[in-house]
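Here the structure is a predicted model, which is why all the values come from computation and not from measurement. Protein chains get the first letters and strands the later ones, always in sequence-line order, with residue 1 at the start of each.
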Number of protein chains: 2
Amino acid sequence: MDEATGSADERAVEAHVRRLWRHRGVAVPQPRRGPRRRLDVDAVLDAAVGVADADGLAAVSTRAVAARLGLSAMALYSYVGTKDQLLDLVVDHASALPAWEDPGTSAAADLTAWAERLLALHGRHPWLAERPWAEAPGGPHQQDWLERLLEILERWEVPGGSRAAVVTTLYAVVEAAARTAAAHARTSGADAAAWLARATTTRRLVTDYADRYPRTLALPQHADDWRAAPAAAVRHTVEVLCRGLGLPGCAAPSGAG
Amino acid sequence: MDEATGSADERAVEAHVRRLWRHRGVAVPQPRRGPRRRLDVDAVLDAAVGVADADGLAAVSTRAVAARLGLSAMALYSYVGTKDQLLDLVVDHASALPAWEDPGTSAAADLTAWAERLLALHGRHPWLAERPWAEAPGGPHQQDWLERLLEILERWEVPGGSRAAVVTTLYAVVEAAARTAAAHARTSGADAAAWLARATTTRRLVTDYADRYPRTLALPQHADDWRAAPAAAVRHTVEVLCRGLGLPGCAAPSGAG
DNA sequence: GATCAACTCTATACACTGTATAGCAATACG
DNA sequence: CGTATTGCTATACAGTGTATAGAGTTGATC
């Protein structure tokens, strides 16, 4: 128990890591004196996830979360630290890896299963994509996702030099699909009118729009597919990736016609 | 000149679109009476880009931009509208499509050239990736990038059903690479210590880390490549994509060994 | 049991943010 | 010349994260 050693910064980092990994055998320091705590870390994170699910990540303010728990904003600090640390914890808290069996029939099938689960997670918590995943070492749940993906790549003997690229591509594509799906979902609301108004206004004011951007204009039919069926689009991307890597069990590239 | 018609919302949308497309034959409404304006839209956007380049997109506050111009915060409103509209304009303002000749030797070469230019743009303005590109119809420069990409896909006869997926994948991968590169660049600063401290603290506290995440631990050598040389990584991804699509001029898939 | 240190939680305050509102000064039109 | 219109400033208000101080509660120690 060397929590009292080191500078204040070091102790803050250690406390944060302990909270992140609190369900993986690491003890979050419990105070020995003082009034009984009314909450614990998970209670705070549940409340924060509730706020984020309801009103987006931007609505997760210290005061909003605290109000949900019947506390004042400053009371949260001893549970989850700074706002930045709170967001770290919230993202990981909502990112639990579900259980599933790899189909095992092909690399594409296994990777698709992984990607679809991650996409479904983002569907449940659309605000997850708002925080970039590359910034920090991440919590246990994020690590679980990565390790599971690497497990698949290893099993199908994806060459080492390609693994990092595949990892980044898969995360990026799933997040992009999730973001687009979220934007599409939001389009059912009042923002739909604003979006449309802006698009039509652009078409009306920019007189040479059709001349300048014929291919953009020709795209929408397909783009609608992409918006409405992100899962299919992700699956398609995974297949292309597997074919490009020459993994076993993938159909030959379709001719460029 | 029907600027005076419509609701206040409609007029705001129209003013915003006019400002976005101000260099493409659309006139931004000039007042007829009152004191001479000391600035114009581009001056405000130059200042905002300056702030963003120096201190990140989060530092772009109305007061900060105004201070750079020797004005008060409220003076900006008549130039660039709301803060959200300002950010829209800033992103597009910094996203000018550079001029380059397509190599034309292969689809991969043309797509790589496009992706490398976009990556270089993100390198010059690392904050560009902080704003998602899928949310709004976007300004002229963003449209230029998209149209240029679609041009390449058309020339190499990428099947229509794959185009939307390729577009999203390329944007997503370039942005992810840019973000990682930005994080890596930031690592030279004071954050490096924080990042490292957190990583080592995690390894120290989570005793079964190596047992749980052997593949994650085996990755870093390659991940370092990815971080240090994002251009190479993007190029690699483009090649994999092209092979997966069966585009002409691409090497056969490397064996899965 | 009294004392003291440790601790939780609240209240307040401060520096920020975006932006609504009101007023002063400058300009162009009738 | 008015006078309407506009640029810009100043002020104000509701937010934000969080530093600080204090009130109240608990466990350990004498």
Using the side-chain heavy atoms of B/S78, tell me which of these nucleotides is nearest: D/dC8, C/dT8, C/dT10. D/dC8

Contacts of A/R36 that satisfy side-chain contact (heavy atoms from CB on, under 4.5 Å) - sequence neighbours left out: none

In this structure, how many angstroms lie between the C1' atom of C/dT10 and the CG atom of A/L76, rounded? 12 Å

Mind running ring pair (Phe, Tyr, Trp, His ring centres under 6.0 Å) on A/Y171 and A/W114 for me, showing each step along the way? CA-CA 10 Å; A/Y171 273 103; A/W114 181 91; 5.2 Å; yes

Whole-Å gap separating C1' (D/dT9) and CG (B/L69): 15 Å

Would you find a donor on one side and an acceptor on the other, under 3.5 Å apart, between the side chain of A/H122 and the backbone of A/L118? yes

Rounded interatomic separation in angstrom, taking CG from B/L71 and C1' from D/dT6: 15 Å

B/S/- along nucleotides 15-24 of chain C (protein heavy atoms under 4.0 Å) is --BBBBB---

Separation of C/dC7 atom C1' from A/L39 atom CG, nearest Å, is 15 Å

Under 4.0 Å between a side-chain N or O of B/R33 and OP1 or OP2 of C/dC29? no

Whole-Å gap separating P (D/dT5) and CZ (B/R37): 17 Å

Check whether any side-chain heavy atom of A/R198 sits under 4.5 Å from a side-chain heavy atom of B/D88, and report yes or no. yes

In whole angstroms, the gap separating C1' of C/dT8 from CG of A/D40 amounts to 15 Å

Please state how far atom CZ in B/R38 lies from atom P in C/dA25, giving the value in whole angstrom units. 13 Å

Heavy-atom nearest pair, B/A178 first then B/L119, reads N-CD1, 3.9 Å

Short question: side chain of A/T200, backbone of A/A197 - any donor-acceptor pair under 3.5 Å? yes

Are OP1 or OP2 of D/dG27 and a side-chain N or O of A/R32 less than 4.0 angstrom apart? no

Picking from C/dT10, C/dT8, D/dC8, the nucleotide nearest the side-chain atoms of A/P35 would be C/dT8

Expressed as a whole number of angstroms, how long is the span from A/R36:CZ to C/dA6:C1'? 16 Å

When you check the side-chain N and O atoms of B/Q142 and B/S95, is any donor under 3.5 Å from an acceptor? no

